[in-house]
Amino acid sequence: MYAPSKMAMNKLLWLCVVPYFLLFVSPTNAAKKPNIVFFLTDDQDQVLGASFPLTAGEDVTPLPKTKALLADKGATATAFYIHTPICCPSRSETLSGRYLHNVKDPINQKQCSEGYNGKTDHGSDCCMHVDEALVNNNTFVKYLKTEGGYTSGMFGKYLNVCPNNAQPGFDAWFANGGGTYYSPSFAVQNIDGLPDGMFHGNKTDYTTSLVGNYSLAWIRKVANGPAPFLAYIAPKAAHDPFQPAAWYENYWDPSWPKTAPRPPSWNVSMEARANHHPNIANQAMLTDDVANCIDTNFQNRWRTLMSVDDVISDVLTLSDELGVTDNTYFIYSSDHGFQLGELNLPYDKRNVYEFDTKIHMLIRGPGITPGSHFTYPATNVDLGPTFLALAGIATPMGMDGKSMLSLIINSSLTHEVPVSVQTSLAAEDPVEVANSWRDTVYIEHYRVGAGTFCGPGHHIDQIDNNFIAIRTMPNSKYGNMLYAEFQWANGTNYGQGNVDFQSIFFHELFDMDKDPWQLNNIYDSANASLKASLHDDVQAWLRCKGGMCP
């Protein structure tokens, strides 16, 4: 679809392709636990067209190689959501397999003294309300190491407050909290060619290229070793400030949209938003300057994703070269969605609406039908249990999520999967799993705070924007709905103190069939029994823990 106009010295290395086609897993690989490669991007929207399933056109994407290698050769989720639409909580939930209320600082504390990098009342680190120590010591990566014998490498963004040393379960560490696109810094441990400590890139070093090249070198080193491997590859893209690599900064494919999407919720009147909670109702109209800012950001976000496309392609090419593709599962997702003018929010995330919470999830590997779709509702909290199931490890008691494995693997292809996958599949009845699978996903957010974007009048994440919500699917007892409860932040310390969702001041309810862009809040006109039932259900989700979570 596109070709770069120029190359830079630290451009991702293109690798020789060695054909490697097998219809079945060899006896050697069948006996070995599968490798896992997890690609996690930042702020990559699905609803607005930047990921999968595609919404801007059949082949309109900044990720054509990813489409060919993962979407077309694996499964694409069609009802996959994020539990919390902001970076540090989302990534913590993915790592721990737990919902936010089970990894956050206790309610009786002031929580984070700052939104992004603070201390609790007891002096421990916190990150957007998350208890970092709890997360770091209870990751799926740790279980892969201790119970599965995996070797694991972290490359790219870990948590926004990133430890300087490898956390339990990780053997290689090239990590940061996001950093800058050019001249980035990373904490380093056990990376060949680099001393342990801090790596500081020079002005020509592009973050996605560095993450890609060091992950490629590590995979080459460990791929045919005695242990299965996990490569956790997390580029900064497409997070602000949306800076493309130099070789892509002026590229725009003729088939790509000239502007950000203009759905019905884009730049709507205050009257149209009056039935939303205050942070939305009070947004200013989008001026021409704000619209230009949104469109520029939209274009540069796609350009940053072109480098992600290179990383994914190069990892798959290297896997072919090394002969490990047939015993590797490749998973690709994002930490949340994004907004680009919807409900007059110029950009960012942090909101309960579909554009911020619905994300992509692609998975390719043995036993997965190429070009298939995964239609069951799930969230990032389910990723950790699924990764463990690939290794034949049962979901730990402390995890809230559930393995999606038996819903993804084609039952007629189980002879192709590694023994550890067969073990996990044999431990449960796939029909029973499918029949009892949830018909709702749960969303939870505690206000972190942010400034205004693309000009005045567009503050994001005000102190009313604390919410719990359920997104019910068409087959649920409610039908295709979004229901949310909002609570003001108590206290004045960055507006974040002691939110327990027991003092609800505002409700939103949307019929997603009739109102897919969440413009018409129908809560006031709903009957009392429906309101009571929705309230009871979302509050039950808020209290759930471990196996009691649906």
Side-chain angles (χ1 to χ4, degrees), residues 33-41 83 87-99 102-103 127 130-177 186-191 211 214-215 218-219 221-223 225-235 315 328-333 335 361 363 365 379-405 420-421 424:
K33 293 176 181 177
N35 307 309
I36 302 169
V37 178
F38 180 39
F39 302 102
L40 183 66
T41 45
H83 170 56
C87 304
C88 202
S90 169
R91 290 166 183 267
S92 297
E93 296 148 11
T94 298
L95 283 162
S96 66
R98 301 185 186 194
Y99 291 116
N102 291 326
V103 295
C127 181
V130 170
D131 182 339
E132 285 190 85
L134 189 156
V135 171
N136 292 333
N137 288 291
N138 292 280
T139 67
F140 73 84
V141 184
K142 179 180 178 181
Y143 288 107
L144 285 176
K145 178 75 169 180
T146 58
E147 298 189 24
Y150 276 68
T151 183
S152 298
M154 177 72 222
F155 304 92
K157 184 174 180 177
Y158 179 66
L159 300 179
N160 294 62
V161 183
C162 183
N164 289 331
N165 58 297
Q167 294 302 289
F170 287 103
D171 301 293
W173 191 254
F174 187 77
N176 64 15
F186 293 88
V188 174
Q189 189 172 340
N190 297 329
I191 299 294
V211 167
Y214 280 108
S215 61
W218 184 81
I219 291 172
K221 174 184 175 181
V222 303
F229 71 84
L230 163 74
Y232 191 129
I233 304 172
V315 169
T328 301
Y329 287 90
F330 303 90
I331 301 94
Y332 173 35
S333 193
D335 60 357
M361 195 276 286
I363 180 168
T379 74
N380 60 310
V381 176
D382 299 312
L383 288 172
T386 303
F387 294 160
L388 295 180
L390 292 172
I393 301 170
T395 301
M397 293 285 290
M399 287 191 173
D400 306 324
K402 300 185 183 302
S403 169
M404 302 176 283
L405 189 62
S420 62
V421 176
S424 293

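No hydrogens, no waters, no symmetry mates; every other heavy atom, side chains included, goes into these values.
- Contact between Val421 and Leu390 at its shortest, heavy atoms only, is CG2-O, 3.5 Å.
- Side-chain atoms of Thr94 come within 3.5 Å of backbone N or O of Ser90 as a donor-acceptor pair.
- In plain terms, the two heavy atoms of Pro34 and Pro228 that are nearest each other are O-CB, 3.9 Å.
- When every heavy atom of Met154 is checked against every heavy atom of Gly156, the shortest pair comes out as CE-O, 3.8 Å.
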Item to check | Working for side-chain contact (heavy atoms from CB on, under 4.5 Å), residues Gln167 and Leu95 | outcome: CA-CA 11 Å; Gln167 294 302 289; Leu95 283 162; over 6 Å; no
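- A donor-acceptor pair is defined here as one N or O able to donate and one able to accept, closer than 3.5 Å; such a pair exists between the side chain of Asn380 and the backbone of His83.
- The backbone N or O of Leu40 sits nowhere less than 3.5 Å from a side-chain atom of Ser333 that would complete a donor-acceptor pair.
- Each of Tyr329, Tyr332, Tyr232, Phe229 was scored for a side-chain contact (heavy atoms from CB on, under 4.5 Å) with Val37, with one residue passing: Phe229.
- Asn160 CG to Asn176 CG: the interatomic distance, rounded to the nearest 0.5 Å, is 10.0 Å.
- Using a 4.5 Å heavy-atom cutoff, the side chains of Ile363 and Met404 are not in contact.
- Closest approach of Gly149 and Ala227 over heavy atoms only: O-CB, 3.4 Å.
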Next on the checklist: Applying side-chain contact (heavy atoms from CB on, under 4.5 Å) to Phe186 and Val211, what does each step give before you reach the verdict?
Outcome noted: CA-CA 10 Å; Phe186 293 88; Val211 167; 3.9 Å; yes
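- Taking each heavy atom of Thr139 and Asn136 in turn, the nearest pair found is CG2-O, 3.9 Å.
- Between Glu132 and Val161, some side-chain heavy-atom pair lies under the 4.5 Å cut-off.
- Side-chain atoms of Asp382 come within 3.5 Å of backbone atoms of Lys402 as a donor-acceptor pair (strictly under, hydrogens ignored).
- Between the side chain of Glu147 and the backbone N or O of Lys145, no donor-acceptor pair lies under 3.5 Å.
- In this structure, Lys33 NZ and Ile393 CD1 are separated by 5.5 Å, a value rounded to the nearest 0.5 Å.
- Although no hydrogens or angles enter the test, the distance criterion places a donor-acceptor pair under 3.5 Å between the side chain of Trp173 and the main chain of Pro163.
- The only member of Thr395, Thr379, Asn102 that meets side-chain hydrogen bond (donor to acceptor under 3.5 Å, both in side chains) when paired with Asp400 is Asn102.
- Going from atom CZ of Phe155 over to atom CH2 of Trp218 covers 5.5 Å, rounded to the nearest 0.5 Å.
- Atom-to-atom distance recorded for Ile331:CD1 and Thr386:OG1 is 8.5 Å, nearest 0.5 angstrom.
- Here the options are Cys88, Pro89, Cys87, the test is side-chain contact (heavy atoms from CB on, under 4.5 Å), and the partner is Leu159; only Cys88 passes.
- Distance check, rounded to the nearest 0.5 Å: OG of Ser96 to NZ of Lys142 gives 12.5 Å.
- Formation of a donor-acceptor pair under 3.5 Å by the Asp171 side chain with backbone atoms of Ser152 is found in this model.
- Proximity of a side-chain donor or acceptor of Arg91 to a complementary backbone N or O of Lys157 within less than 3.5 Å is detected.
- Separation of atoms CG (Asn35) and OG1 (Thr328) is listed at 4.0 Å; rounding is to 0.5 Å.
- Nearest heavy-atom pair, Met399 versus Leu388, reported as atom, atom and distance to 0.1 Å: CE-CD1, 3.9 Å.
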